[in-house]
Every structure is written in C-alpha cells, then in structure tokens.
Amino acid sequence: MRAIDFHVHLPTPAWLDVSMKGYIEAAEGYFRSKVVRRTIDELAADYEAIDVMAVLLAWDAETATGRPRVPNEVVAKACREHPKTFVGFGSVDPLKGDIAVGELDHIASLRLKGVKLHPSLQAFQPDDERFWPLYERCEELGLVVLFHTGTSGIGAGQPGGQGIKLDPARPIHLDVVAAHFPELPIIAAHFGWPWHLELIAMALHKTNIFIELSGWSPRYYPEELVREIGGRLQDRSLFGSDYPFIKPVRVMEELDALSLKPEAKVKILRENAARLLKLELS
C-alpha cells in the first residue's frame, strides 16, 4: 500500500447533488477543478488502481443546513464491500444532543473507526461544554475524532460565504477539548489555515492532536508547516486529499517533491494513519 488518504468524501450524486446542492459550485471555484461523479464501486476501482486506501467520510449537518445526511450505514456498507480499499468514519450532528451521543454506539457497532465533525457547516463551537458528552463517549468507544479546521471551500467567494462562519473551525477551539480528553485522538483537517501556527503550537504541546494535510496542493503549504511535519511533528502528520475536490495522485506527487526526509514521507503517507486506525499494513 502506497498511502492512506485520510480525507475522502463520497463522490456520489446523493451527496454532491442533494446534500451539497448549491455548495459545489463555490467549492469548484475555490479548488479550480470540476467535481466528477462516481459510484462507490468506481471509487474503489480508482483507489485500487493507485494502491491507496481511502478513509471515507459520512456527513450529517441536518440541523444547521436542513439538508439530508450521508448515513453512516452507507459508509459502513462501502467498507464491508471493499475492506482492502476503504476505512470509514461516521458523522453525527452535535446539535442533536443525546441523539448524537447515542448514534456513536451505532457507529462503533458498524466498525467505523471514527467520527467526522464540521464546526462551520454544523454551526457548533467545539469548546462548548454542552458537547462534552459527545467527546467523552468517543473516548470510551475508542473513536478517533476528525474536525474540519480553518477556512472552507464551501461558501468561498460567495456573499456572506453562504452563511458559513469560519470562527467555529479555528483550531484553538480544539485545545480545551484535547486538554480535557487526553485519551481522545483529535485530528485537525486541512491544517487549520490561516491559523496553522496555533495548530502547530497545540500539536507540539498535546500529543493527542494530529495534523491532517488535505484540501491543499503541497506546493502551497506554508513554510512553517513543511518544517514541522518533516521534523518535530512527523509522527503526527497525516496525508489526505479532500477527494473529489483534489485528486490523491496530485497530492502524493507534490508531497514527494517537498524537501522532506524519506522516513518522514513514509510516516505522513501511511504509517501514522495505520497506527492511529490500528491497521496492519502489508
């Protein structure tokens, strides 16, 4: 296996044309690429062809957006049908309170590895203590929590950003969560730009914080980020593409061009993710 892509959205019409209807156009402009619709089987074939495992992400922001979710069962079914190619993360809507906490047990029963949360789209503040039961249950169940952090391609370049607020996704809001739940692995997707320096500081301070690199072309990574993922944080940095907005092959090629030591590249591409997800690599 060449790599584990830690950030893969389902490129199906059900997500792109229903759940994300009206958002995709802005995202395509932000990423300067057209999104291609694929079935689950086609997606599996695409990743098998490049010898990369994909971490598939469910989606639930019903309360804040009024849009249908991508059910956790859909992701779990894809993982069952393609166990050598897919690993899954479920999603819950934190604003659903006890229902969201209860859904975590179902996610664990589906053998999904973690939970994806999107503070900006789900319109919640991660450091609000109302959500402590959510994190506590994730910690008890051994679920990894992946947070969207930083800016958003969804809503980018639109009046009012289509109502999407960036502040909830600022990395610093995860600092108190990491401090209060030290056994909870917390992944900050997209490395929190433009607040990447505060994320780097947090990751250097707290060993349960991981930096995930999706949503960016590596040639545009900030200098400070490149230095730290190749140095002090090479054991807690994770490769991700943000497919279907960015293709994994492009990210891998540009990562290879960075001035990183070979051992750091291997950790970033696959070893750190395998350890975090408790996978046996072959």
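- Tracing side-chain contacts under 4.5 Å through hydrophobic residues (I, L, V, M, F, W, Y), one reaches Ile172 starting from Phe147; they form part of the same cluster.
- Taking the six-membered ring for Trp and the full ring otherwise, Phe191 and Trp216 have centroids separated by under 6.0 Å.
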Under the salt bridge (Lys or Arg N to Asp or Glu O under 4.0 Å) rule, what do Arg232 and Glu228 come out as? Steps first, then yes or no, please. CA-CA 5 Å; Arg232 294 183 291 179; Glu228 297 300 347; 2.7 Å; yes
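- One hydrophobic cluster, built from ILVMFWY side chains closer than 4.5 Å, cannot hold both Val55 and Val74; they sit in different ones.
- Ala61 and Leu121 get closest at one heavy-atom pair: CB-O, 3.9 Å.
- In this structure, Arg67 satisfies the cation-pi test against Tyr23, with its NZ or CZ atom closer than 6.0 Å to the six-membered ring centre and inside 45 degrees of the ring normal.
- Under 3.5 Å, the side chains of Tyr47 and Asp5 contain a donor-acceptor pair of N or O atoms.
- Within 6.0 Å of atom CG in Asp98, 12 or fewer heavy atoms from other residues, nucleotides or ligands are found, so the atom counts as exposed in its surroundings.
- The closest side-chain heavy-atom distance from Phe89 to Leu117 is not below 4.5 Å.
- Asp105 contributes atom CG, which lies 11.0 Å from atom CG of Leu110 (distance to the nearest 0.5 angstrom).
- Within 6.0 Å of atom CZ in Arg37, more than 12 heavy atoms from other residues, nucleotides or ligands are found, so the atom counts as buried in its surroundings.
- The backbone N or O of Tyr220 sits nowhere less than 3.5 Å from a side-chain atom of Ser217 that would complete a donor-acceptor pair.
- Between Glu48 and Lys84 there is no salt bridge, since no side-chain N of the basic residue sits under 4.0 Å from a carboxylate O of the acidic one.
- His173 and Asp128 are not linked by any side-chain donor-acceptor pair at a separation below 3.5 angstrom, with hydrogens and angles left out of the test.
- Surrounding NZ of Lys206 are more than 12 heavy atoms belonging to other residues, nucleotides or ligands, all under 6.0 Å away.
- Thr149 and His190 are not linked by any side-chain donor-acceptor pair at a separation below 3.5 angstrom, with hydrogens and angles left out of the test.
- Surrounding NZ of Lys165 are at most 12 heavy atoms belonging to other residues, nucleotides or ligands under 6.0 Å away.
- Phe131 and Phe124 have their aromatic ring centers within a separation under 6.0 angstrom.
- The minimum heavy-atom distance linking Leu174 with Pro126 is given by the pair CD2-CB, 3.8 Å.
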Kindly determine whether Arg250 and Glu254 satisfy salt bridge (Lys or Arg N to Asp or Glu O under 4.0 Å), including the steps that lead there. CA-CA 6 Å; Arg250 173 187 174 185; Glu254 292 190 17; 3.3 Å; yes
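- Within the 3.5 Å criterion, the main-chain N or O of Ile186 finds no donor-acceptor partner in the side chain of Asn208.
- Between His180 and Trp132, the side chains place a donor N or O and an acceptor N or O closer than 3.5 Å (distance only, hydrogens not considered).
- The number of heavy atoms from other shown groups lying within 6.0 Å of NE2 (His205) does not exceed 12.
- Closest approach of Ala3 and Met252 over heavy atoms only: CB-SD, 3.8 Å.
- Taking the six-membered ring where the residue is Trp, Phe31 and Phe245 present parallel rings, their angle staying beneath 30° rather than reaching 60°.
- No continuous path of hydrophobic side-chain contacts links Leu146 to Leu112 [ILVMFWY only; heavy atoms under 4.5 Å].
- A salt bridge links Lys96 with Asp60: the distance from a Lys NZ or Arg NE/NH1/NH2 to an Asp or Glu carboxylate oxygen falls below 4.0 Å.
- Taken from CD1 in Ile211 to CG in Leu199, the straight-line distance is 4.0 Å, to the nearest 0.5 Å.
- One finds no salt bridge joining Arg275 and Asp235 here, because no Lys/Arg side-chain nitrogen approaches an Asp/Glu carboxylate oxygen to under 4.0 Å.
- To the nearest 0.5 Å, atoms CZ (Arg236) and CD1 (Ile229) are separated by 13.5 Å.
- Side-chain atoms of Glu73 and His106 include a donor-acceptor pair closer than 3.5 Å.
- Between Asp93 and Glu62, the shortest heavy-atom distance links the atoms OD2-N, 3.5 Å.
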